[in-house]
Amino acid sequence: MDEIKKIVNDVRAGNIKPIYFLMGEEPYYVDKISQFMEKSILSEEEKGFNQVVLYGKDVTIDEIVSSAKRYPMMAERQVIIVKEAQNLSRVIDQLEAYALNPQPTTVLVICYKYKKLDKRKKVYKAIAKSGYIFESKKLYENQIGDWIRRVLAGKKYKITPKATQMLVEFLGTDLGKINNELEKLQLVIPKEEEITPKHIEENIGISKDYNNFELRKAIGERDVVKATRIVTYFSQNPKDNPLIVTVSLLYNFYSQLLQYHGLKDHSKGSVASALKVNPYFVGEYQTAARNYNMKQCSHIVAHLRDIDLKSKGVGAGSISQADLLKELLVAIFG
């Protein structure tokens with residue numbers, strides 16, 4: 001992200017604001033920026049007397065302000081990092097007075113995760129005027145693949161589209177969790193080597209043959225035998241393959257197929273752009289569209305909604321996951 005690079009470059013150049021308010025639904029970047037501040041602003045010798053980490057659940061705004069108003073000892077600046085500051089959401093407005101006149105020799109870093117300040121509030125305007133407000137927005141699922149590729153490319157790694165899809169399917173949109181798994185892979189795979197589904201299976205434990213990605217592909221090709229084999233595996237390993245994830249993925253797939261049928265231009269680039277998918281996967285949609293017309297897709301989407309409700313106990317009693325998976329295949333192939 002360009003905004004993160006700007007913060008990092010400014011700090012390294014000595015262009016440091018007195019307040020950094022790091023907020024937003026995605027905690028990954030809030031943590032990364034605060035860690036950078038913690039490591040980079042002061043030297044190791046200066047940190048002993050001039051760097052303090054506070055926690056929102058343990059302090060008041062008055063205590064934070066009191067610490068911020070102190071002068072540094074034998075250093076140009078002091079750094080105060082307030083972690084878990086979202087615990088102070090009810091009283092965060094009290095920071096306004098300090099933000100209007102911050103201590104120039106203090107760098108106050110506030111980590112306000114999972115929430116954000118209302119831009120209309122006086123405290124927001126006061127912080128924005130004297131400091132820097134960074135909002136860490138949650139990425140959508142269709143953006144995660146590109147994020148994985150960018151992170152790995154920055155560390156001289158490549159990854160196949162299928163391996164990327166496996167990670168997204170298994171780990172969701174939690175960037176912290178995904179980054180932890182990527183770091184594990186980097187410990188065992190040489191730089192500049194391409195990360196493959198085999199690497200994912202061997203080091204993270206995601207099956208390269210029995211996953212929702214392969215199920216979607218088998219269903220799109222109307223490969224009943226392969227789809228049944230995968231569904232049977234899911235039934236035998238329900239904890240690792242929750243039905244709600246399978247239904248959600250297939251619901252999105254058939255919704256995209258409906259969208260595909262409505263496109264005038266079915267070229268690879270146009271389809272990838274319209275459906276917001278990697279061009280590598282466009283062939284799967286083209287194949288599936290030949291096997292399922294618009295009416296069939298609508299019928300399947302309706303069935304998937306019904307199965308989703310049943311999986312949540314609505315009008316289904318105690319139907320097992322195995323039976324619901326069988327019902328799912330009957331609805332698709334029937």
Side-chain angles (χ1 to χ4, degrees), residues 1-11 13 15-41 51-70 77-144 146-147 150-151 172-179 276:
M1 289 177 67
D2 292 340
E3 192 176 3
I4 296 170
K5 288 180 181 177
K6 182 181 185 309
I7 293 172
V8 169
N9 290 337
D10 282 350
V11 169
N15 181 20
I16 302 173
K17 301 285 186 180
I19 304 175
Y20 288 89
F21 198 95
L22 314 175
M23 66 181 190
E25 293 180 23
E26 177 49 68
Y28 176 80
Y29 286 116
V30 172
D31 288 337
K32 283 293 182 183
I33 294 173
S34 67
Q35 287 165 11
F36 169 74
M37 300 284 192
E38 198 169 344
K39 292 177 182 177
S40 306
I41 295 177
Q51 186 155 289
V52 179
V53 177
L54 306 173
Y55 290 86
K57 65 179 181 178
D58 299 324
V59 296
T60 65
I61 296 293
D62 284 343
E63 288 170 333
I64 294 170
V65 170
S66 178
S67 295
K69 285 184 175 179
R70 285 201 295 262
R77 297 181 178 90
Q78 70 161 342
V79 176
I80 297 173
I81 300 171
V82 185
K83 298 186 177 182
E84 309 297 337
Q86 65 273 12
N87 288 295
L88 296 165
S89 60
R90 293 183 179 180
V91 293
I92 199 69
D93 289 353
Q94 295 174 14
L95 194 62
E96 180 196 349
Y98 177 78
L100 289 170
N101 187 28
Q103 183 74 10
T105 54
T106 294
V107 182
L108 177 59
V109 182
I110 301 173
C111 304
Y112 197 77
K113 296 195 287 190
Y114 313 110
K115 296 184 177 184
K116 58 183 180 179
L117 287 180
D118 187 334
K119 292 182 180 180
R120 297 169 296 180
K121 287 196 168 190
K122 290 180 180 179
V123 66
Y124 181 98
K125 293 174 182 176
I127 295 171
K129 185 175 181 180
S130 61
Y132 194 101
I133 296 178
F134 171 80
E135 182 179 352
S136 184
K137 296 180 180 179
K138 198 82 173 173
L139 296 186
Y140 294 109
E141 189 171 307
N142 61 17
Q143 297 174 304
I144 301 297
D146 285 338
W147 183 86
R150 285 200 307 272
V151 168
T173 60
D174 186 329
L175 299 187
K177 189 186 294 185
I178 294 170
N179 188 65
K276 294 182 173 60

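- Scanning both residues, A126 and L100, for their nearest heavy atoms gives CB-CD2, 3.8 Å.
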Working for side-chain contact (heavy atoms from CB on, under 4.5 Å), residues E3 and Y29
CA-CA 11 Å; E3 192 176 3; Y29 286 116; over 6 Å; no
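- Residues V30 and C111 approach most closely at CG1-CB, 3.7 Å, considering heavy atoms.
- Taking every heavy atom of both residues into account, D58 and E63 meet most closely at O-OE1, 4.0 Å.
- The minimum heavy-atom distance between P18 and P102, with the atom names listed, is CG-CG, 3.8 Å.
- Contact of the V11 side chain with the V107 side chain is not registered, since no non-hydrogen atoms from C-beta on lie closer than 4.5 Å.
- Contact annotation: the side chain of I110 approaches that of L95 to within less than 4.5 Å [non-hydrogen atoms, C-beta and beyond].
- If you take CD on Q94 and CG on L88, they are separated by 9.0 Å, rounding to the nearest 0.5 Å.
- Put simply, CE on M23 and CD1 on I92 are 11.0 Å apart, with the number rounded to the nearest 0.5 Å.
- Sparse packing is recorded around CD of E141, with 12 or fewer heavy atoms of other residues, nucleotides or ligands lying under 6.0 Å away.
- Atoms NZ and NZ, on K119 and K125 in that order, are 12.0 Å from each other to the nearest 0.5 Å.
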As a quick check of understanding, evaluate side-chain contact (heavy atoms from CB on, under 4.5 Å) for D31 and K113, giving each step before the final call.
CA-CA 9 Å; D31 288 337; K113 296 195 287 190; 3.2 Å; yes
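- Minimum interatomic distance between V109 and S34 (heavy atoms only, all atoms of both residues): CG1-CB, 4.4 Å.
- Within a 6.0 Å radius of NZ in K138, other residues, nucleotides and ligands contribute more than 12 heavy atoms.
- Looking at I133 and I19, their side chains never come closer than 4.5 Å, going by heavy atoms from C-beta outward.
- Ring planes of Y112 and F21: tilted class, angle from 30 to 60°.
- In this view, R150 satisfies the salt bridge (charged side-chain N to carboxylate O under 4.0 Å, His left out) rule with no residue, not counting sequence neighbours.
- For the atom pair CD1 of I16 and CD1 of I41, the computed distance is 5.0 Å after rounding to the nearest 0.5 Å.
- Scanning for salt bridge (charged side-chain N to carboxylate O under 4.0 Å, His left out) contacts around K6 gives D10, with sequence neighbours left out.
- Between K122 and E96 there is no salt bridge, since no side-chain N of the basic residue sits under 4.0 Å from a carboxylate O of the acidic one.
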Begin from the C-alpha positions of W147 and I178 and carry the test side-chain contact (heavy atoms from CB on, under 4.5 Å) through to its verdict.
CA-CA 10 Å; W147 183 86; I178 294 170; 3.8 Å; yes
Sequence neighbours left out, cut at 3.5 Å: what donor-acceptor pairs do the side chains of residues 78-85 make with other protein atoms?
unit_1 : atom_1 : unit_2 : atom_2 : d
Q78    : NE2    : S67    : O      : 2.9
Q78    : NE2    : A68    : O      : 3.4
Q78    : NE2    : R70    : O      : 2.9
Q78    : NE2    : T106   : OG1    : 3.0
E84    : OE1    : Q86    : NE2    : 2.7

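- Residue pairs meeting the side-chain hydrogen bond (donor to acceptor under 3.5 Å, both in side chains) criterion with at least one partner in residues 15-28, sequence neighbours excluded, are Y28-N179.
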Show your reasoning for whether side-chain contact (heavy atoms from CB on, under 4.5 Å) applies to T173 and L139.
CA-CA 7 Å; T173 60; L139 296 186; 5.8 Å; no
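- Listed by chain and residue number, D93 satisfy the salt bridge (charged side-chain N to carboxylate O under 4.0 Å, His left out) test with K121 (two or more places apart in sequence, or in another chain).
- Using modelled atom types, no side-chain atom of S136 and backbone atom of G24 make a donor-acceptor pair closer than 3.5 Å.
- For K69, the side chain to side chain contact (heavy atoms under 4.5 Å, CB included) partners are V65, Y98, not counting sequence neighbours.
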